[in-house]
Amino acid sequence: IAAHFGPKRLSGKTAIVTAGPTHEAIDPVRFLGNRSSGKQGFAIAAALAEQGASVTLVAGPVALATPEGVRRIDVTSARDMAVAVAAALPADIAVMVAAVADWHVEAAGQKLKKSAAGPPVLTLIENPDILALTGHAPNRPRLVIGFAAETGDLLANAKVKLAKKGADWMIANNVSEGVFGTDANHVYFVTAAGTEDWGAGSKADIAERLATRIANAL
Ligand code: CTP
Ligand code: CA
């Protein structure tokens with residue numbers, strides 16, 4: 001609530017937020033995707049805009065309303081998302097919340113049909129890593145923040161991703177706890193300096209806390 005009445009601590013700052021899943025076409029009717037709802041990314045875009053930042057939200061296919069005052073760019077695939085993020089640079093802040101598909105396939109122009117030859121074999125091709133490209137870009141934002149969705153060793157994996165992707169901070173969450181599509185989350189805030197357990201909170205709470213942290217850092 002304080003954020004609604006307090007000073008706009010991010011006025012004059014620009015931010016790029018990615019959110020939602022990406023869909024990778026297999027043919028004109030089918031795709032590879034994942035369970036991301038986009039709620040956490042949309043909440044972060046809203047919280048940054050609430051603090052006065054000029055926010056570009058690059059959204060994969062989700063069924064969510066655009067937060068007030070946010071410029072939204074809708075994309076479908078990871079490759080589209082990478083292009084939209086590059087076009088939105090430079091910015092002061094980048095928060096990569098999207099559950100970007102790690103692979104795409106060479107999409108068929110026609111609907112694939114069952115045949116006596118057996119099921120089609122999909123060859124997966126790795127997608128661009130949008131967070132890593134942003135973290136290592138010559139016009140890198142001052143603050144580059146990623147999310148790490150893990151089912152295994154959460155914090156160790158998040159630290160590896162932090163370093164590898166050139167991020168300043170990672171928000172790590174355990175996706176084996178059934179986070180996708182829900183309003184709640186339990187996250188850890190991971191930096192080169194160490195790790196903080198932010199405990200359980202709503203996606204809106206986490207977004208406000210992150211926005212405050214960003215304002216403190218800039
Ligand atoms: N990310 C991205 N582009 C990709 C893959 C991931 O920008 N092609 C970003 C996500 O938005 C997130 C962070 O990287 O901020 C971590 O995503 P995650 O899926 O946890 O990491 P990966 O590097 O894809 O590793 P893996 O899925 O193998 O654990
Ligand atoms: Ca991944």
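Atoms within a ligand are numbered from 1 in the order they appear, just like the ligands themselves.
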May I ask you to say whether Arg9 pairs ionically with Glu50, meaning some side-chain N is under 4.0 Å from a carboxylate O? no
Same apolar cluster (I L V M F W Y, side chains within < 4.5 Å links), Val70/Ile93: yes
Look at atom 15 (O) of ligand 1 and say which protein heavy atom is nearest, naming residue and atom and giving the distance to 0.1 Å. Met96 O, 2.6 Å
Nearest neighbour in protein (non-hydrogen) for atom 1 (N) of ligand 1: Asp129 OD1, 3.8 Å
for atom 28 (O) of ligand 1, nearest protein heavy atom and its distance come out as Asp102 OD2, 4.4 Å
What atoms in ligand 1 come closer than 4.0 Å to a heavy atom of Ala149? 20 (O)
Heavy atom of Lys165, distance to ligand 1 below 4.0 Å: yes
Hey, does Ala98 come in under 3.5 Å of ligand 1, counting only N/O atoms on both sides? yes
May I ask you to list the atoms of ligand 1 that are less than 4.0 angstrom from any heavy atom of Gly146? 15 (O)
Atom 7 (O) of ligand 1: which protein heavy atom is closest, and how many Å away? Leu131 N, 2.8 Å
Test of understanding: clusters of I, L, V, M, F, W, Y form through side-chain heavy atoms closer than 4.5 Å, transitively. Do Trp169 and Leu48 belong to the same one? yes
I'd like to know if Arg30 and Glu24 make a salt bridge, using a cut-off of under 4.0 Å between side-chain N and carboxylate O. no
Among all protein heavy atoms, pick the one closest to atom 20 (O) of ligand 1 and tell me residue, atom and distance. Lys161 NZ, 2.7 Å
Phe31 with Met81, same ILVMFWY side-chain cluster at under 4.5 Å: no
Before accepting this row, confirm whether a basic side-chain N of the pair Arg140/Asp168 lies closer than 4.0 Å to the acidic partner's carboxylate O. yes
Hey, which atoms in ligand 1 end up nearer than 4.0 Å to a heavy atom of Ala148? 20 (O)
min-distance protein heavy atom vs atom 16 (C) of ligand 1 -> Phe147 O, 2.8 Å
Begin from the C-alpha positions of Arg71 and Ile73 and carry the test side-chain contact (heavy atoms from CB on, under 4.5 Å) through to its verdict. CA-CA 7 Å; Arg71 179 170 80 112; Ile73 299 171; 4.0 Å; yes
In the single-linkage hydrophobic clustering (I, L, V, M, F, W, Y; side-chain heavy atoms under 4.5 Å), do Phe189 and Ile214 co-cluster? yes
Can you find an N/O atom of Glu150 closer than 3.5 Å to an N/O atom of ligand 1? no
Salt bridge Lys203-Asp205, side-chain N to carboxylate O under 4.0 Å: no
Output yes when the distance from some N or O of ligand 1 to some N or O of Pro128 is under 3.5 Å, and no in every other case. yes
Any nitrogen or oxygen of Ile130, side chain or backbone, less than 3.5 Å from one on ligand 1? yes
